[in-house]
Amino acid sequence: MKVIIAEKPSVARDIAKVFGATTKREGYIEGKGYTFTWAFGHLLQLAPPQEYGFYGWNVQNLPMLPSKFKLSVRKTKTKDGVVDDPAARKQLDVIRTLFDEATEIIVATDAGREGELIFRYIYYHLKCKKPFKRLWISSQTDAAIKDGFRNLKPGTDYDTLFYSAHCRSQSDWLVGMNATQALSLASGNRAVLSLGRVQTPTLAMICARYLENKNFVPEIYYQVAIQPDKDGITFRAICDRRFKTKEEAEVVLSKVEDVASGFPDGGLILRVEAKPRKEPPPLLHDLSSLQQEGNKKKGFTADQTLALLQNLYESKLVTYPRTGSRYIGDDVFATVPDLISKFEDHKDFGKQAQLLKGAKLSKKSVNAKKVTDHHAILPTGEKPNYLTPDQQAIYDMVAGRMLEAFHQDCIKEITRIVVQSGEKFNASGTVISTPGWRAVFNDADEDKKDEENVSLPKVVKDERLPIRQKAVLEKQTKPKPLYNEASLLKALETAGKDIDDEELREAMKESGLGTPATRAAIIETLIKRAYISREKKNLVPTTTGLSVYEVVKSQRIAQAELTGSWEKRLEEIRGGASVTAFREEINAYTREITGELLKAGIPLKTS
DNA sequence: GCAAGGTC
């Protein structure tokens, strides 16, 4: 009997369906001589410190450097304390029984580093010795699954991928557990002061932005504006020059030949540019972009959006939510016209769905090479029964974005006018001539809502217009805004883009800080530790958060670069480089950071 | 009591 093991039940079901296996058992499906079972993500984790003899939180234990890591069943918190997760334990028993009976194992966990780790931890924990092959696919359509089974790879092809995954896992444990205990102990041990490769740079970003914002000294500057009049329609034009004093601005103002100063036609049109600009549709959503939209449009936290989305996924209404890809492959694209037709009677964008019927669809979101472990989020086409208003809102964001993504370009008419009256003054305006994809939600372009979405009257070069008004404008430079969940998620995604070292920047390019599946949890962790709090929509540090930041801000653990340097080494390990060398470096760094924190944490006592 | 990673 062959056993196929997937990362999660939904994938096992999809594969079983292709084989025509239908008999549902407790924890697996069987039929046609196969069994199809699954994990629930990581069932096993690196064992906690006490399993290596490091009892309690004690300076004498530090740094904790196990020579060989152990695995233990994933834990869950109950009122009686931390216990083995019963669901994980039960599923492991199912897998153990199936593996015992198996002649061959086919590994169908997600095609990536963590997917490999999820399987290997189970396999080694169960001390299984059966041969295994690897299914490597990135979409769960029938065609992709069939093709994948025709091209099963030898399990050993992925040994180095497992080594890199295992190194990632151990390194996070070593640095995180040791740094956390060191800082907590050094600060008097009154509370858990956690540190980690992802959470600490995230905290640092929030703190740095907060301090920058708080300490910002606005500068006042002056500009000059005029209002030319074309056949009774006035519009505003501004002189680009910025002045430090009002007096300097008034010099320019005095040169303006406005009507009140006795010039009936004091504005000369020097230049008129009117050109259409195509604005292509946005990409389909991945988890992060949807969390950002949920935060902007509805004020949901990243965690809330993920929970709502998980809910829709379990009701089979949307595809897999924790994806980091905004693309689909050609196989999925082939199903899109049918999917779109399912929305023709939707109350808000049914009309747009009808419009797309038979139309040529944009292929901007179609790129198999950019589909990683999972493709972008789509509705499945199943009809929702009852949805809560919040679920409906998220569902509509998914469905509406699908319509947008395959829609036509939005065509805007952009006009720029330069008026001479003493100085040169500029006016610009944007008018949507063909809405295309923007017709789906009919939202204003929020980035440029205030200034650009105005229409300008038709004027021609060398024309002279009266200037009805002129004024000096007093303005202030503005600080960068505090982070909110949307802007923080965006910043985590793009973290590392401005690293000087080209190799590190390259290593982080595809990942950023954390992963789509964990970013919401990272924000919640910082809140649970009382490092940050939500104030209206903003994320601001607490005094505890700021004190921790002060202690670690110049350490590597607070920099996104740490992830970059690890990613670079992990990629080399995947390519066959030595694991031992990297482990030694991590051990050395663990000793170093532990020592420094034990010294440096003291100031926290008094704060 | 602690990391980051995955998922019901």
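Convention: sequence-line order gives letters A, B, ...; per-chain numbering from 1. Note that the coordinates shown come from a computational prediction; the quantities given were computed from them, not determined experimentally.
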For [X], report the nucleic acid contact type (base, sugar-phosphate, nothing); a contact means any heavy atom under 4.0 Å.
X       : result
V192(A) : base
P49(A)  : base
L174(A) : nothing
N178(A) : nothing
R113(A) : nothing
Y121(A) : nothing
G115(A) : nothing
S194(A) : sugar-phosphate
R529(A) : sugar-phosphate
E7(A)   : sugar-phosphate

Nearest-nucleotide 5' precedence on DNA chain B, Q181(A) against L43(A): Q181(A)

Whichever of K77(A) and L306(A) has its nearest DNA chain B nucleotide further upstream toward 5': K77(A)

side-chain hydrogen bond (donor to acceptor under 3.5 Å, both in side chains) partners for T590(A), two or more places apart: none

Without hydrogens or angle criteria, can the side chains of [X] and [Y] be said to hold a donor-acceptor pair below 3.5 Å?
X       : Y       : value
Q555(A) : E596(A) : yes
E567(A) : T563(A) : no
Y313(A) : S10(A)  : yes

Non-neighbouring partners of K8(A) that pass salt bridge (Lys or Arg N to Asp or Glu O under 4.0 Å), sequence neighbours left out: D110(A)

Straight-line distance of T544(A) OG1 to Y531(A) OH, nearest 0.5 Å: 8.0 Å

Ring geometry between Y158(A) and W136(A) (parallel below 30°, tilted from 30 to 60°, perpendicular above 60°): parallel

Heavy-atom contact window of chain A on DNA chain B, given 5' to 3' at under 4.0 Å: dG1(B) to dC8(B)

